[in-house]
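For the single chain, residues carry numbers from 1 onward in sequence order. This is a predicted model, so every value here is computed, not measured.
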Amino acid sequence: MIDLLHDCDPGNDDAVGILAALGHPAVNLVAVTTGAGHLAFDRTAENAAITVAAARPRTVPVSRGAEGPLLRERMIARILDFESGLDSDRPDLDRVALDPLHSVDQIAAAARAHPGLTIVMTGPFTNLALALRRHPQVKDGIGRIVTLGGAWGLGTKTAAAEWNILCDPEAAAIVYGSGIPVTMVPVDASATVPIDDPLVARVAALPGPAAALAAELLASLRTTHRPGVFAPAEMPLHDPCAILAAADPALVTTVPARVDIETTSGLNYGRTVVDFAGRTDRPNNCDVVIAFDVAATQDALVGAIAALSRLQQGA
Ligand SMILES: [Ca+2]
């Protein structure tokens with residue numbers, strides 16, 4: 001059982017990740033912290049609160065966080081990604097009250113209370129970067145950071161940069177350069193885990209509100225898939241992959257590497273430069289996930305949602 005804090009920007013795939021963390025038998029989820037990313041900072045907090053409410057009687061504190069990145073102007077995602085699934089204007093969706101602690105201070109409190117804490121990042125890295133600057137001793141309480149951020153190959157927002165990194169490259173540079181052990185889940189790797197019809201059907205067949213929301217979110221994510229030269233055939237699972245890999249490292253194959261973030265302006269702003277071959281004299285700072293056991297990862301997601309489902313059925 002690992003103590004885990006999920007920093008995120010829900011976001012439908014973040015929300016599935018929250019549910020996976022709440023249900024996973026190997027995870028003690030201690031807090032969900034949110035910040036600006038796909039949506040504005042107040043909306044991501046609301047979405048996390050809606051997601052956690054769907055998992056009752058399991059619950060966890062939800063914090064609101066950074067309103068925008070450290071230096072750059074805030075980027076706004078295509079709203080199309082989130083037209084369905086989570087909608088704070090929907091009266092049928094209950095929500096938990098937000099925790100009074102700001103995400104930055106929640107991260108610090110969790111690192112103090114749970115030494116060896118695993119932090120999973122599935123949004124921009126602003127909150128954790130601010131926590132490391134505001135509370136330097138936080139570093140000593142964090143055992144590992146697992147990031148859904150960056151790519152060894154092509155970007156997802158620009159040709160060079162993946163979305164989570166591009167939203168706040170300076171924050172990502174602070175996190176990857178922190179000296180804390182990092183497991184990086186590049187989108188090249190998470191793209192191999194599909195949200196295929198059988199996966200959606202398995203989740204949809206589970207009873208209870210957590211599974212119902214998870215199935216709705218997964219189905220909505222499938223509608224956002226875009227074809228491309230190297231795009232996978234199916235919509236990838238992405239964010240939940242980081243939760244599942246943190247909970248069970250046996251799901252992934254990793255290779256040690258040096259990862260640096262390009263923070264100078266220009267075409268490569270926000271690029272994760274992944275050096276697998278020791279081409280620099282800088283020490284390795286990441287275990288980079290290069291492959292997922294796809295079937296086992298899908299099984300792990302279904303298993304985590306099924307555990308919430310059983311809890312809600314009183315089984
Ligand atoms: Ca996200």
Side-chain angles (χ1 to χ4, degrees), residues 1-10 14 17-35 37 44-45 48 51-52 55 58-66 96 98-150 164 168 171-185 239-252 254 259 285-289 300 304:
M1 179 81 86
I2 59 167
D3 297 321
L4 190 152
L5 181 145
H6 186 193
D7 187 77
C8 54
D9 63 335
D14 303 84
I18 291 170
L19 294 172
L22 283 165
H24 200 292
V27 172
N28 173 36
L29 184 65
V30 300
V32 174
T33 55
T34 62
T44 59
T51 306
V52 170
R58 273 285 278 137
T59 193
V60 68
V62 176
S63 283
R64 189 161 61 187
V96 299
L98 294 179
D99 193 271
L101 276 185
H102 187 280
S103 292
V104 171
D105 299 320
Q106 188 77 270
I107 290 170
R112 272 195 300 271
H114 304 280
L117 180 69
T118 296
I119 297 186
V120 176
M121 314 285 303
T122 64
F125 292 31
T126 316
N127 286 328
L128 181 52
L130 286 169
L132 291 167
R133 286 293 190 261
R134 179 170 161 81
H135 307 280
Q137 74 280 11
V138 159
K139 179 180 171 182
D140 302 326
I142 302 172
R144 179 161 292 272
I145 299 166
V146 181
T147 68
L148 195 295
N164 283 342
D168 198 343
I174 289 171
V175 170
Y176 277 89
S178 66
I180 301 167
V182 175
T183 298
M184 173 186 181
V185 181
D239 288 4
C241 292
I243 295 284
L244 298 168
D248 183 5
L251 295 177
V252 295
T254 62
V259 179
N285 60 344
C286 280
D287 294 314
V288 178
V289 173

Supply the atom-to-atom distance Lys139 NZ to Ile145 CD1, rounded to the nearest 0.5 angstrom. 10.0 Å

Is any side-chain heavy atom of Asn127 less than 4.5 Å from a side-chain heavy atom of Gln106? no

In Å, rounded to the nearest 0.5 Å, how long is the span from OG1 of Thr44 to CG of Asp9? 6.5 Å

What is the minimum heavy-atom distance between Ile243 and Gly17, and which atoms define it? CG1-O, 3.7 Å

Below 4.5 Å, heavy atoms only, C-beta onward: do Leu4 and Leu117 meet side chain to side chain? no

So, the side chain of Asn164 versus the backbone of Leu148: is there a donor-acceptor pair under 3.5 Å, distance only? yes

Candidates Val104, Ile142, Leu5 - the one meeting side-chain contact (heavy atoms from CB on, under 4.5 Å) with Leu128: Ile142

Would you say that Asp287 contacts Met184 through its side chain, given a criterion of any heavy-atom pair below 4.5 Å between the two side chains? no

For the CG atom of Asp14 and the CE atom of Met121, what is their distance to the nearest 0.5 Å? 11.0 Å

Over all atoms of both residues, closest heavy-atom pair of Ala48 and Val32: CB-CG1, 4.0 Å

SB check Arg134 Asp105 (cutoff 4.0 Å): yes

For residues Val60 and Val30, determine if any side-chain heavy atom of one lies less than 4.5 Å from a side-chain heavy atom of the other. no

Compare all side-chain heavy atoms of Val259 with those of Asn285 and state whether any distance is below 4.5 angstrom. yes

Specify the closest pair of heavy atoms between Gly65 and His102, including all atoms of both residues, with the distance to one decimal. C-NE2, 3.4 Å

What's the verdict on side chain to side chain contact (heavy atoms under 4.5 Å, CB included) for Thr59 and Val96, showing C-alpha distance, side-chain angles and the deciding distance? CA-CA 9 Å; Thr59 193; Val96 299; 4.2 Å; yes

May I ask you to test the Phe125-Thr147 pair for a side-chain heavy-atom distance under 4.5 Å? yes

Tell me, do Val146 and Ile119 make a side-chain contact under 4.5 Å, heavy atoms counted? no

Residues Val27 and Ala21: closest non-hydrogen pair is CG1-O, 3.4 Å

Correct closest heavy-atom pair for Thr122 and Cys8 would be OG1-CB, 3.2 Å

Residues at least two apart in sequence or cross-chain that pass salt bridge (charged side-chain N to carboxylate O under 4.0 Å, His left out) with Arg133, listed by chain then number, are none

Please tell me if the side chains of Ser63 and Thr34 come closer than 4.5 Å, counting only heavy atoms from C-beta onward. no

Find the distance between CG (Leu19) and NE2 (His24) and round it off to the nearest 0.5 Å. 13.5 Å

Between the main-chain N or O of Thr118 and the side-chain N or O of Arg144, is there a donor-acceptor pair closer than 3.5 Å? no

Considering non-hydrogen atoms only, spot the tightest contact between Val175 and Ala129 and give its length. CG2-N, 4.0 Å

Under 3.5 Å donor-acceptor, Ser103 side chain and Thr33 backbone: no

For residues 110-131, which residue pairs qualify under salt bridge (charged side-chain N to carboxylate O under 4.0 Å, His left out), counting only residues two or more places apart or in two chains? none

Euclidean distance, His6 NE2 relative to Thr51 OG1, rounded to 0.5 Å: 10.0 Å

